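Below: one structure, written as structure tokens.
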Amino acid sequence: MVTHHDVLTWDLERCVGCQIGPRVCPKEAISHIDGVIENGRMVTKLLVDVDPDKCVFCGMCVEMCPMRAITLTLNGEPYNPVIEHEAFPKLLKSTKFNKDAFDFSLKDFVIENCSANVISYDAEYKMMRVDQEHCIRCRQCEVASNGAFEVQQPWQGTVLLRRELCVEGCFACADVCPTRALHIDENGQLVHADYYCIKCGACMQICPIQAEWEEYDVHFESQGVIYTRTHRRMTNADKLPVLVERWRVRHTPIQSAAWLEALARLADDKASQVEIDRKRAVHRRDLILALKGGKSRLKDHE
Amino acid sequence: MVDNDNNEELRIGVYICHCGSNIASTVTVPDVVEYAATLPNVVVAKEHKYMCSDPGQSMIKQDIRKYKLNRLVVGACTVSMHEPTFRAVLADEGVNPFFFEMANIREHSSWVHTHEKEAATLKAKEIVSSAVAKVSFSRPLEMFEVPVTRRALVIGGGIAGISAALDLADMRIPTYLVDKSPSIGGRMAQLDKTFPTMDCSICIEAPKMVDVGKSKYIELLTYSEIKEVEGYIGNFKVKVERKPRYVLEDRCTGCGLCADVCPISVPNFEFEEGLGPRKAIYVPLVQAVPAIYTIDRDACIECFKCVEACGALQAISFYEEPKIETLDVGAIIVATGLDMWDPAPIEEYGFGVYDNVATMMEIERLHCAGGPTVGNFVRPSDGKTPRTLGLIQCVGSRDKRYNEYCSGFCCMYTIKNALLLKWLYPEMDITIFRIDIRTPGKTYEEFYERARQAGIHFVQGRPAEIREDPVTKNLIVHVHNAALDRQMAYEFEMVGLATAAIPSAGVDELARALTVPLDTTGWFLESHPKLKPIDSSTEGIYLAGSAQGPKDIPQSVAQGSAAAGRAARVLNAGKWQIDPIVAYVDPTRCLNANPKSKCTMCAQACPYGAVINQPGTGNPSQIIPAKCHGCGTCVAECPANAITQWHFTDGQILAQVHALLAEKPEEKVLAFTCRWCSGLGADNAGVSHFQYPANTRNIMVMCSGRVDPDFVLEAFKLGAGAVLVSGCHVQDCHYITGRQKADARMEKLMTQLERMGITPGRFRTAEVSATEGAKWARIMTEMGEMVMEMGPEAIKAENEKLRPHLERQLKRVREGLDVSRVLDIFEARLQGVKTEIQQAYEREKL
């Protein structure tokens, strides 16, 4: 198109192969490339490939990428159509710096400690600067700075590490973990520090013991007709050495079926159901308030 | 001799036409007349300079009265030309029109054996004799009168289809206008200006589009495709698939709020050649008729923002599914238009590889004020206006590698684009590379002159290669400049390719559904290139605009209106007469009269479901005449010889075989052709004056599916030199599967004959389409020469060896209707005629 140049850039240096992109893609334009493990250590991480014929440049993967590895531009300017048209929420995430609470002697340590290399020292203003665009919200700085940095993570969830199920001598997940949440301690043991974990799920993807999925049909009714959609669920959750479950995401309020679908793909039915229930609850509360003559909170909220 | 059902005396009149000098210059007409007069039952034989002229016709009429003629044979041209004329002559005189036979001595003799006068005269005599033999066994038939549904269907909503639909609507004929895209308008809507007047294209087309939308006689079925067509003239049943738009047509107001909120932009390939964006919910162009949005589910991410924006209108339904609608119409107009050829296969031009090589349609959109750049002509690589522009003509047309034909309008639209750009950017240096410039149209040449005066360069030469400068993205065109006779290289900032016009995508399936043949290059084939350019070979189906071949706008409009006229002729008639050449089952012979029989052969053979076949009930099969298209495939398939086809009975065809092989059969090639492809192909060879040996003879049937193996065996038994069964290409069969059945049957026969020990090449099958006259001549030459090379003695000897096998195989041939009577007469005659001929020869020698 001569008037409309969409460019989707995938920074494979940043990408850890968490496969959130392929999962969230509504057009199945992104395919994954297997990683390689040799002698229990990761040689190549999982990667992705984008099919330009299928991609419609919607920007969902851009917003959802936990590693901030994807950028989308329109005629050279960053542009995210789904966010712009409110068809997708912005994930609520932030890294705040409280200058007064910071011991500047720790600055090199904090900079060194940042897993995404996004913290720098601004000598002119005597400030610590964070590249918000590329920060992955791992909270390493929060701990390293004794709380001068304050990080809000978008995803909440649990990570279950069961070393007894591990393949003997395999540390591939520690190799891929972008935040050092999964690491090898002094005793040579694989451990998980949940505080740093961003629930990206890259560990689960590289793990030699892969999750198995089954597809099942979900029936729902709309406009008097019953429709069927195929969802999928994990069948071997109890056999996986590492299991990441995402059960909540903080985001700006939104009304979009594409978002619910993305949620269902990323988490499970529960997450999207929770989302819908929450909306219904807000509507119910609004209705009651309105009946009492009060103001709608939903509208305020939005 | 009395040998018809009514015990009426046969009185045959034979009339031989000179056709000016077309026939007379090669065939000695008086000899043929003299010969015809000696044929059994011929009462009178005469000649005339132009039999089809008024004096010719009145001569026949007078003779019918004077000699009480009840059968008529005219030796002249092809059936597709004057059969109706002479049938009308008979009807005028109160004789059944089916008591007429045409002997084609022009296309099949004088025109193709120009240099063999004697042989051509002999052939003409035998053709006449064959027609006399056939007409002797004709039966009186009544035309069927069918009611006509007074509704029309126009396929394709381009300018040709729009013109046709509007004209039909003006005649108050309810009309369906079907288009596969979401809006009507077609190619014309995409153009910026039109040559040679430089009218704004969409400005003059849009009012017509709106008229279509408003007309209460036109029902628009956009985003729909034709799936199935059944029936016949006056009574077509058409199944149309309405693709789901996911937007309800009766609710959408075309406000466009949905497109505003849609986050997804994809290239608009439907209208902007992929140069500009459109949303996933879209109308292809702002002037769309109907102004109803469509959701492209391939691009949609299902965020349902559009549903929200549509609000109370509730026009969006993601759960819509494809619907099949059945339309009853009396006539169909095919106006499917053209596509532009994708020049990517020409690797040396680098289309799709080099950014700044564009097609002419892309250039059209780039300088159109309503286009993606709002009229700013820019090149794709850097968005700047090119200072130099090269335009290359005949890309993919007039090129033996791709399309051999000339697309006709590209010269003019390239000049138009060049002139327009010159007006917009006087500084721009424009060069057109041409082979020739073709300007056959009113004020077209003057337009070309205007372009030359405006300073546009014309270079004669077809560029050999385009290379890109990787830094500047400029293009270097290498060409042999014919005027200077030098190899030259030109540098341009942008290059446009005037690509060939090709038939619209999907016409193959449509042609199959309509059973209308395509020509060798994929355009719809007209019934006659000069006299019936609007009619297809199927009655009731008409062609308009570029469906039939590349056309510019005025031609398309004219053809649209012409097709409307042709269709209205049928639709306003109320009733229409159709040929009664249908199949008939003799209930006493049908195997299914026995309740134990499980025969379904006829039902399987019939592509139209015209057979009521109830095996196991004791009810003999029946054929519904209104559904029967008259191919005769079931006749040849029937294992009990219980079915016959009126006007093409086994008896009539065998009579022709006998007549044509009466003398020196071992020197002859006997060809069975279908009426539509091979028959017309043979005529085409005649019209084109392709020469081939004169020892060839034709018998025409409606479809190659009608050719019973018995005919071939009988021909060999009579001593034929070689036999050919020729029909359509399988996919073009006028009767859908007739050719397929014929193939299977002939393959079996081939094995049988081979086992009997026949020399390979003496029996052949062929596929010759209506446009393949050259192929017909080649096959005839091959077979004719083969027979001559083999020599009559060798053939006679081989035939003697075959005879016992053939006689065994032909034991049951007499069971068919008329057959035994025909054979009795011929065999009885054989002796008499043979002695007569012998005497005649001796007389001549003396």
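Scope of the values below: all heavy atoms of this structure, side chains included, with no hydrogens, waters or symmetry mates. It should be emphasised that the depicted structure is a prediction, and the values quoted were computed from it without experimental measurement. Within every chain, numbering begins at 1; the chains are lettered A, B, ... in the order of the sequence lines, protein sequences first and strands thereafter.
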Between [X] and chain A, with a heavy-atom cut-off of 4.5 Å, which part of the residue counts as in contact: side chain, backbone, both or neither?
X        : value
B:Ser265 : both
B:Asp355 : neither
B:Glu308 : side chain
B:Val266 : both

query = Looking at A:Gly59, A:Ser256, A:Cys55, which makes the most heavy-atom pairs under 4.5 Å with chain B?
reply =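 Of the options given, most contacts go to A:Ser256.
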key: Structural part of A:Pro81 lying under 4.5 Å from a heavy atom of chain B   =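 Both backbone and side chain.
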Once you round to the nearest 0.5 Å, how far does [atom1] of [X] lie from [atom2] of [Y]?
X        : Y        : atom1 : atom2 : answer
B:Asn376 : A:Thr3   : CG    : OG1   : 11.0 Å
B:Ile301 : A:Cys25  : CD1   : SG    : 9.5 Å
B:Lys305 : A:His85  : NZ    : NE2   : 10.5 Å
A:Leu260 : B:Cys303 : CG    : SG    : 11.0 Å
A:Lys27  : B:Ile264 : NZ    : CD1   : 8.5 Å

Within a 6.0 Å radius of atom [atom1] on [X], are there more than 12 heavy atoms belonging to other residues, nucleotides or ligands?
X        : atom1 : result
B:Glu347 : CD    : no
B:Arg467 : CZ    : no
B:Glu427 : CD    : no
A:Glu86  : CD    : no
B:Arg297 : CZ    : yes

request  = Enumerate by number any residue of residues 363-372 of chain B whose heavy atoms lie under 4.5 Å from heavy atoms of chain A; in the absence of such residues, state 'none'.
outcome  =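 Those residues of residues 363-372 of chain B which have a heavy atom under 4.5 Å from chain A are B:Leu366, B:Pro372.
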ask   = Using a cut-off of under 4.5 Å for heavy-atom pairs, which of B:Leu275, B:Thr373, B:Asn268, B:Val307 has the most such pairs with chain A?
value =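 The residue among B:Leu275, B:Thr373, B:Asn268, B:Val307 with the greatest pair count is B:Leu275.
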